[in-house]
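In what follows, every heavy atom counts, from backbone to side chain, and hydrogens, waters and symmetry copies are set aside.
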Amino acid sequence: MQLRPYQQEAEDSIFQEWDKGILKTLLVLPTGCGKTIVFAKVTEECVKNGDRVLILAHRGELLEQAADKIAKATGLGCATEKAEQTCIGSWFRITVGSVQSLMREARLSRFPQDYFDTIIIDEAHHCISDSYQRVLDHFHGAKVLGVTATPDRGDMKNLGTVFESLAYEYTLPKAIKEGYLSPIKAVTIPLQVDLSGVGVQSGDFKAGDLGTALDPYLESIAEEMEKYCRDKKTVVFLPLVKTSQKFRDILNNHGFRAAEVNGESSDREEILEDYAAGKYNVLCNSMLLTEGWDCPDVDCIVVLRPTKVRSLYCQMVGRGTRLAPGKDHLLLLDFLWHTERHELCHPAHLICESEEVAQKMTENLEKDAGCPMDIEEAEKTACEDVVAQREEALAKQLAEMKRRKRKLVDPLQFEMSIQAEDLSGYVPAFGWEMAPPSDAQKRTLEKLGILPDEIDNAGKASKLLDRLDKRRQEGLTTPKQIRFLESRGFQHVGTWQFDTAKKLIDRIAGNGWRVPSDIVPAEYKGA
């Protein structure tokens, strides 16, 4: 099986981390981008090197999928370590193992500590729990790869306590842009749903309270869905089984062909097959289908399980991001959730690097309630709005920086100039990132024209250096060009080409270091 370019990059990056002596590394790929294929190929390579590999997951379906994908992609068979099945004595070099079975002391003690050379954890955002830690502590010398869809900042910080590095990350916007995932249009439904009485438990809204809070609105939600979902293949996520069943009945009364599945459904496989075949056009579920279920032609997602956990939100939406013939976008329905807490996930959280931009994008979508908006366009607009607001607020500070008699660019000015939201909103996650910048990093930054004094962690320094290198390859302006031209009143010089800036500086130099009279710096468009 031929890997896609980003999948090959991911595989190469993982082995580079291990070769550097970093034992525990992380791979982040959005839902639908083939993370199982990547770790199947990593597994194959490890087996070629003589390793014994353990694929660890928390659900039986994930283990079955992993074994199936490994067999199809590599031809290799897998032993199973789960319930009464064991891999001990098997001649297979790969084991798919249930963390619930392996965590038990009686079971773990049967394995020598060096039994597995490599451990791959599927849905790695779960691995912070004690059960996973017990298994990892037992096989403490093994190389570890964690695989997850886009985690939120909180998750990433927590994962930073388990993993030492991020080997590779492929983002949702990049996957959409490169044609591997479906574009997403989000629409905010102008229906105010009051969640102010909903309690919080383990960092998210209580499912029981959510079910009660949603009940009075289900009829109105079905009416709204009639406007948007009539010709769509829709999946609805709800907080409770009884709410899911009730909503199925309401939708059927509104002329939809709706079915419901839950963990207790004896005919679950049959319903899923019928839905895939088109017998039903809406599938209601109480959080059953967040992981390990694929139906590529789903083209509408309705999230009626509001959450504060971005990884969970991404998984729900991820059920509709796969490509399918005749599908030109995924429609994502969001509601005006009224809550005193602002940490609620919205479509903006699928794509925005910073919380500030996410809040602005959510505000913009709510202002245009009822109109489907392409999330990439909406993010770009929100980004520009935030930059404009921030520039206004920082105008004095930036003016002061530009007046300083120093040859180096302040990192803040550089970030604002190149409009780098990911840099200005950067939060270190892994141990090494939180350490102070190294002397070598500081020297290189200074040499490239950035003042290193304002950078307080190695992760930010590393990101800046990577960005500077990428900008050089793309022929964009240097920090020194930015500093010189912005000190003369030119705007966003960071978005210009190197050659454009060079020609302008040469003109200014030829004019006795004065801006030519036919140029108005504030209005000059160099990009």
> Can you check side chain to side chain donor-acceptor pair (under 3.5 Å) on Asp385 and Gln389, steps first, answer last?
Replying inline: CA-CA 6 Å; Asp385 291 348; Gln389 286 171 354; over 6 Å; no
>> Show, in sequence, the C-alpha distance, side-chain angles and deciding distance for Leu210 and Leu240, and conclude whether the side-chain contact (heavy atoms from CB on, under 4.5 Å) test is met.
In response: CA-CA 8 Å; Leu210 279 173; Leu240 298 171; over 6 Å; no
> More than 12 foreign heavy atoms under 6.0 Å from NZ of Lys143: is that the case here?
Replying inline: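 Atom NZ in Lys143 is crowded, with more than 12 foreign heavy atoms closer than 6.0 Å.
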> Just wondering, are more than 12 heavy atoms of other shown residues or ligands nearer than 6.0 Å to NZ in Lys185?
Replying inline: no
>> Quick check on the 6.0 Å ring-centre criterion: do Tyr280 and Tyr275 meet it?
In response: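 No, ring centres 6.0 Å or more apart.
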Check [Y] with [X], please: is the shortest side-chain N to carboxylate O separation under 4.0 Å?
X	Y	value
Lys20	Glu164	no
Asp297	Lys327	no
Asp51	Arg93	no
Asp204	Arg305	yes
Arg471	Glu474	no
Glu123	Lys35	yes
Glu226	Arg230	yes
Asp122	Arg59	no
Asp466	Lys463	no

A side-chain contact here means heavy atoms from C-beta on lying under 4.5 Å apart; do [X] and [Y] qualify?
X	Y	value
Leu283	Leu272	yes
Val162	Gln133	yes
Met316	Thr307	yes
Thr148	Leu27	no
Leu464	Arg467	no
Val302	Val235	no
Asn281	Lys233	no
Ile301	Phe237	yes

So which heavy atom on [X] is nearest to which on [Y], and how close?
X	Y	answer
Cys78	Ala67	SG-CA, 4.0 Å
Gln315	Thr31	CA-OG1, 4.4 Å
Pro190	Leu336	CA-CD1, 3.7 Å
Phe335	Val193	CB-CG2, 4.4 Å
Tyr313	Leu332	OH-CD2, 3.7 Å
Met361	Cys352	SD-SG, 3.8 Å

> Does NZ or CZ of Lys308 come closer than 6.0 Å to the centre of the six-membered ring of Phe205, within 45° of the ring's axis?
Replying inline: yes
Does [Y] offer a backbone N or O that forms a donor-acceptor pair with the side chain of [X] under 3.5 Å?
X	Y	result
Lys460	Pro428	no
Thr80	Lys82	no
Thr74	Ala71	no
Glu363	Lys360	no
Asp334	Ile189	no
Thr43	Phe39	yes
Thr477	Val493	yes
Arg319	Trp293	yes
Ser417	Gly494	yes
Thr25	Ser165	yes

Nearest 0.5 Å please: distance from the [atom1] atom of [X] over to the [atom2] atom of [Y].
X	Y	atom1	atom2	value
Leu62	Ile121	CG	CD1	13.0 Å
Arg322	Asp294	CZ	CG	3.5 Å
Cys33	Lys174	SG	NZ	11.0 Å
Thr95	Leu102	OG1	CG	8.5 Å
Ile37	Ile70	CD1	CD1	9.5 Å

>> What verdict does the side chain to side chain donor-acceptor pair (under 3.5 Å) test give for His346 and Glu366, after you've listed the backbone C-alpha separation in whole Å, the side-chain angles of each residue and the deciding distance to 0.1 Å?
In response: CA-CA 11 Å; His346 290 282; Glu366 288 180 357; 4.6 Å; no
>> Just to verify, what does Glu9 make a side chain to side chain donor-acceptor pair (under 3.5 Å) with, not counting sequence neighbours?
In response: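 Counting only residues at least two positions away or on another chain, Glu9 forms a side chain to side chain donor-acceptor pair (under 3.5 Å) with Tyr168.
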> By side chain to side chain donor-acceptor pair (under 3.5 Å), which residues pair with Arg52, not counting sequence neighbours?
Replying inline: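 Here no residue qualifies.
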>> Run the side chain to side chain donor-acceptor pair (under 3.5 Å) test on Asn262 and Glu260 for me, step by step, so that the C-alpha distance in whole Å, both residues' side-chain angles and the decisive distance to 0.1 Å come before the verdict.
In response: CA-CA 7 Å; Asn262 61 69; Glu260 194 273 342; 3.0 Å; yes
> What residues form a side chain to side chain contact (heavy atoms under 4.5 Å, CB included) with Asp374, not counting sequence neighbours?
Replying inline: Pro183, Glu376, Glu377
> Would Asp12 and Gln8 count as a side chain to side chain donor-acceptor pair (under 3.5 Å) if you check the C-alpha gap in whole Å, the side-chain angles of each, and the deciding distance to 0.1 Å?
Replying inline: CA-CA 6 Å; Asp12 295 344; Gln8 189 59 60; 3.1 Å; yes
>> Using ring-ring contact (aromatic ring centres under 6.0 Å, His included), reason through Tyr170 and Tyr6 one step at a time and then give a plain yes or no.
In response: CA-CA 7 Å; Tyr170 191 58; Tyr6 69 85; 3.9 Å; yes
>> Does Ser462 form a side-chain contact (heavy atoms from CB on, under 4.5 Å) with Gln441? I'd like the steps, not just the answer.
In response: CA-CA 7 Å; Ser462 176; Gln441 284 178 320; 3.8 Å; yes
>> One pair to check against side-chain contact (heavy atoms from CB on, under 4.5 Å): Thr234 and Tyr228. What are the steps and the verdict?
In response: CA-CA 10 Å; Thr234 304; Tyr228 298 95; over 6 Å; no
>> Could you walk me through whether Cys345 and Val309 satisfy the side-chain contact (heavy atoms from CB on, under 4.5 Å) test, starting with their C-alpha distance in whole Å, then the side-chain angles of each, then the deciding distance to 0.1 Å, before giving a yes or no?
In response: CA-CA 7 Å; Cys345 284; Val309 182; 5.9 Å; no
